[in-house]
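Take a look at the structure set out below.
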Amino acid sequence: MKCILTRFVLSTALSAKPRVESFRIVQHVESYTRSHLRSRTRDFGSGKWQYSTSLTALSLRGGTEDAASISLPHVTLPPSFVQERQYDVNTAILSVYASCRVTRWLQPNTGSNIATITKQDASPVTIGDFASQATALKVLHEKFPSDMFIAEEGSAVLRADDVLSDKVWNAVTAVSSGMESICCWRDKEELLSSIDYGQGIDSSDVAETIERRRVWCLDPIDGTKGFLRGRIEGGQYCIALALLEDGIPVVSVLACPNQPTYSNRQRLTDEKNAYGKWSEDEIKEAENSKEDNTNNLFTSNRGCLFVAVCGCGCYEVSISDLERLLFRSPNNEQDTSIWNRLQVTPLDDTREKTPSQATFCLGVERGFSDPKGTVLKIAQLLHGKDALMVNDGVQDIKNSFRMDGQGKYGILARGEAEYFLRLPKPGYIDWVWDVAAGYLILKEAGGMMTDVNGNQIDFSEIGVNRLAKLPNSVQGLLGSCGGVFHDVLIDAYKSVEKS
């Protein structure tokens, strides 16, 4: 493909604020030959892109490879994933896998002194957030340079702090050996530019006449406080990536580097440390499996990817299995047996639970996810007067466990819990990167996510004028394994709110 790109970037400097609801405008004029000849200009009066198209608008479903970029390794995908989506999924998996390596390398074993910045909303951001975002967006942008990217961080603070930017650079290069076919860095400026793809720099806006609007939404570390808590202390986090086309989530990858794998979840649960502090035996096992600082970062016990495609199901794969087949199997031999198809708690006559027995999977930071204590009241309504206990001086739900990040949706997807609630303080509106990836994972496993009134989550405006927040009407999220479980959850929420 022959491409000639001319970019006009507004002279306004990138805001120092790491999160903005409507990202800065970037203006492009493109001309290229690929069976289509298009030109586009910015109408500053209307605030919209205007296109003139000499041929029928591109209608191919799914992404296609930029011929100028290097070929990525091929991941054998589940047969239910339609052919038209396989290049999108392959690229998404590899981009997130590359981010997993750098965050896994950076996450401490216990409480951290890793370089951290406090944002205006008091949430932390680490060098891991920057390294993860740069890595994932570099891989995605190289393959889909005309797609839009919305991500959480910007490079302004790194450009103003050489010491901090050096730490991020050292992190991405430390794990680059053997990864050249996925992500190969040239210099620090490339790293900073890659971070800014997610802030509107060097990425295309939406063509109104094109049949698909492709927007990649990334949270480079969802659950930063879990990341800082440390691995063996049970600190959970995830890398959350979703592709939206015309406002519909169509591909999702949730990478959970410290979460128990599908095959080992029950053993770790029986040992009472699946989502808490590791046992001494597991610590020793992890240490014995490490050959050096960058090889064998993942064991068979922990590290998994949840992958979903709209209408094609949800699967889980162990990160250790994925990298073994990618890089250490003879002739890169792969098979589909590494994939486990996920299904929420059954809703038919075979189900083992009723709503009154349902397990809650909740966030660790209650001050954010449940500041009014609504979830505790819902649990009492569903589980009865003995639903609560006191743990370390704090009241909590007996039949529940807590963890950071969107990995909670993966827990519901594989049937380990039935309920998830996210009820922030009034007026708070969620960012799309905190929701979209988990939404599709849960939906494709047979579960359901709605707002607190039972309405479907509306992603239709995401990417329009680079909008990155859900509609104002979404004042909280309810997730469940669906069916009667979800109906009961909505009724319980409404009942508590009325009381």
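What's counted below: heavy atoms across the whole structure, side chains too, no hydrogens, waters or symmetry copies. Quick caveat: nothing in here was measured; it's all calculated off a predicted structure.
Listed for the Q380 side chain is no donor-acceptor partner under 3.5 Å among the backbone atoms of K385. Using a distance-only test at 3.5 Å, with no hydrogens or angles considered, a donor-acceptor pair links the side chain of R402 to the main chain of G363. E497 places no side-chain N or O within donor-acceptor distance of the main-chain N or O of S495, the cut-off being under 3.5 Å. Judged by distance alone, with hydrogens and angles left aside, the side-chain atoms of E245 form no donor-acceptor pair with the main-chain N or O of V215 at under 3.5 Å. Formation of a donor-acceptor pair under 3.5 Å by the Q107 side chain with backbone atoms of G235 is found in this model. With Q199 contributing its side chain and E153 its backbone, the two residues share a donor-acceptor pair below 3.5 Å. At least one donor-acceptor pair under 3.5 Å links the side chain of D196 to the backbone N or O of S155. For the pair R213 (side chain) and S460 (backbone), a donor-acceptor distance under 3.5 Å is present.
Contact check for F420 versus F360: no side-chain heavy atoms found under the 4.5 Å cut-off. Looking only at side-chain heavy atoms (C-beta outward), Y419 and C361 stay at 4.5 Å or farther from each other. Looking only at side-chain heavy atoms (C-beta outward), R341 and E316 stay at 4.5 Å or farther from each other. Two residues are said to be in side-chain contact when any heavy atoms from C-beta on lie closer than 4.5 Å; M148 and R214 fail this criterion. You'll find the side chain of V75 stays beyond 4.5 Å of the side chain of Y97, heavy atoms only. Side chains of K469 and V432 form no contact here, defined as non-hydrogen atoms less than 4.5 Å apart. At a threshold of 4.5 Å between non-hydrogen side-chain atoms, the residues L388 and I397 count as touching. L158 is listed as a side-chain neighbour of I195, based on a closest heavy-atom distance under 4.5 Å.
Taking the six-membered ring for Trp and the full ring otherwise, the centers of F306 and Y409 sit at least 6.0 Å from each other.
A search for side-chain hydrogen bond (donor to acceptor under 3.5 Å, both in side chains) contacts involving K408 returns nothing, not counting sequence neighbours. For N453, the side-chain hydrogen bond (donor to acceptor under 3.5 Å, both in side chains) test picks out no residue, with sequence neighbours left out.
Across N90 and P73, no two heavy atoms sit closer than the pair ND2-O, 3.0 Å.
Here the options are T103, D222, D219, D129, the test is side-chain contact (heavy atoms from CB on, under 4.5 Å), and the partner is Y237; only T103 passes.
A distance of 11.5 Å separates CG in L412 from CG in L342, rounded to the nearest 0.5 Å. Atom CE of residue M449 and atom CZ of residue R422 lie 9.0 Å apart, to the nearest 0.5 angstrom. Distance CG/L382 to NZ/K377: 14.5 Å, rounded to 0.5 Å. Interatomic distance, CD1 of I411 versus CG of L362, reported as 12.0 Å (0.5 Å rounding). Once rounded to the nearest 0.5 Å, the distance linking CD1 of I429 with OG of S473 reads 7.5 Å. Interatomic distance, D434 CG to L470 CG, rounded to the nearest 0.5 Å: 8.5 Å.
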Given the rule in the side chain to side chain contact (heavy atoms under 4.5 Å, CB included) test, do V394 and R366 qualify, once you have shown the distances and angles that lead to the verdict?
CA-CA 11 Å; V394 179; R366 302 185 213 191; 3.3 Å; yes
Evaluate the side chain to side chain contact (heavy atoms under 4.5 Å, CB included) criterion for residues K225 and V364: first the C-alpha distance (whole Å), next the side-chain angles of each, then the deciding distance (0.1 Å), finally the verdict.
CA-CA 9 Å; K225 290 185 178 180; V364 175; over 6 Å; no
Apply side chain to side chain contact (heavy atoms under 4.5 Å, CB included) to N465 and L467, showing your working.
CA-CA 5 Å; N465 294 324; L467 184 69; 5.7 Å; no
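Atom NZ of K138 has more than 12 heavy atoms from other residues, nucleotides or ligands within 6.0 Å. Counting heavy-atom neighbours within 6.0 Å of K398 NZ, excluding the residue itself, gives a total above 12.
T359 and K353 are linked by a side-chain donor-acceptor pair at a separation below 3.5 angstrom, with hydrogens and angles left out of the test. In this model, a donor atom of one side chain and an acceptor atom of the other lie less than 3.5 Å apart for S193 and E189.
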Give the table of side-chain donor-acceptor pairs shorter than 3.5 Å for residues 486-493, with sequence neighbours excluded, one pair per line with atom names and distance.
residue : atom : partner : partner atom : Å
H486    : ND1  : S480    : OG           : 2.7
H486    : NE2  : T450    : OG1          : 2.9

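Note: W216 and F144 have parallel aromatic rings, judged against thresholds of 30 and 60 degrees for the angle between ring planes. Classification of the H141-F149 ring pair by plane angle, with boundaries at 30° and 60°, yields tilted.
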